[in-house]
Amino acid sequence: MNSNTKKYLIGGGLVIAIAIALFTSISGDNMTYYRTPAEILANPDDFMGEKIRVMGLIETGSVTWEPKDTKLGFRITEDGKHFLMVTYIGSKPDMFKEGQGVVVEGSLTAPGLLTATKLLVKHSEEYKVEKHSDKKADYYKSMAQ
């Protein structure tokens with residue numbers, strides 16, 4: 001090999017090594033695994049102050065909403081036995097309702113209390129098309145209602 005070929009191989013290897021190091025450092029910082037309420041409640045000290053992501057269902061009758069302060073409170077569960085209280089400051093998602101699936105991301109600020117910074121509402125993948133009359137006048141009337 002001549003010296004130019006060696007330089008290109010060393011330079012290419014260096015670029016690849018830097019790219020791999022950059023990728024692993026970026027992906028490691030942003031990696032947050034899904035946890036369950038039962039898992040968090042079993043060992044709350046392990047999660048205290050850590051960024052966590054929890055998936056569950058909103059417990060019926062547990063939702064409190066303070067529109068003036070945009071403060072939302074609710075409990076989530078996965079099995080109906082273990083409940084994790086969630087507080088969230090921000091706008092309430094349109095599809096948010098009791099019994100709905102949610103994904104919350106935040107940190108455990110007290111045993112059994114998750115302060116959320118992100119709130120995602122899971123929704124059905126079922127889409128329905130409304131039936132309208134074939135007559136234009138009836139169609140426009142139905143759209144106005």
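Bear in mind that the values here come from a model prediction, so they are computed numbers and not experimental data.
- I52 and L41 end up in the same hydrophobic cluster when Ile, Leu, Val, Met, Phe, Trp and Tyr side chains are linked at under 4.5 Å.
- Atom CD1 in I89 sits 8.0 Å away from atom CD in E66 (nearest 0.5 Å).
- Rounding to the nearest 0.5 Å gives a distance of 5.5 Å between CG of L84 and CD1 of I40.
- Closest approach of P44 to L108, counting heavy atoms only: O-CD2, 3.6 Å.
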Cut-off 3.5 Å, no hydrogens considered: what does the side-chain donor-acceptor table look like for residues 109-117, sequence neighbours left out?
{"unit_1": "T109", "atom_1": "OG1", "unit_2": "T115", "atom_2": "OG1", "d": "3.1"}
{"unit_1": "T117", "atom_1": "OG1", "unit_2": "E105", "atom_2": "O", "d": "3.1"}

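- Atoms OG1 and CD1, on T5 and I10 in that order, are 11.0 Å from each other to the nearest 0.5 Å.
- You'll find the side chain of D79 stays beyond 4.5 Å of the side chain of T36, heavy atoms only.
- Summarising the geometry of M95 relative to V121, their closest heavy-atom pair is O-CG1, 3.6 Å, with the distance given to 0.1 Å.
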Checklist entry - L119 and V86: side-chain contact (heavy atoms from CB on, under 4.5 Å), yes or no, with the steps? => result CA-CA 10 Å; L119 173 63; V86 177; 5.9 Å; no
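- Atom CD of residue E39 and atom CD of residue E78 lie 8.5 Å apart, to the nearest 0.5 angstrom.
- Rounding to the nearest 0.5 Å gives a distance of 10.5 Å between CE of M85 and CD1 of I76.
- Surrounding CG of D69 are more than 12 heavy atoms belonging to other residues, nucleotides or ligands, all under 6.0 Å away.
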Checklist entry - What do the steps show when you test Y88 against V102 for side-chain contact (heavy atoms from CB on, under 4.5 Å), and what is the final call? => result CA-CA 12 Å; Y88 174 71; V102 292; over 6 Å; no
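- Considering only residues two or more places apart in sequence or on other chains, E59 meets the salt bridge (Lys or Arg N to Asp or Glu O under 4.0 Å) condition with R75.
- Clustering ILVMFWY residues whenever any of their side-chain heavy atoms sit less than 4.5 angstrom apart, transitively, puts L57 in a cluster other than the one holding F74.
- Residues I58 and K97 are not in side-chain contact: their nearest non-hydrogen atoms beyond the backbone lie 4.5 Å or more apart.
- The main-chain N or O of H82 is found under 3.5 Å from a side-chain atom of T77 such that the two form a donor-acceptor pair.
- Atom CZ in F96 sits 9.5 Å away from atom CH2 in W65 (nearest 0.5 Å).
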Next on the checklist: Under the criterion side-chain contact (heavy atoms from CB on, under 4.5 Å), I'd like the reasoning laid out for F47 against V54: C-alpha separation, chi angles, the key distance, then a yes or no.
Outcome noted: CA-CA 12 Å; F47 301 101; V54 186; over 6 Å; no
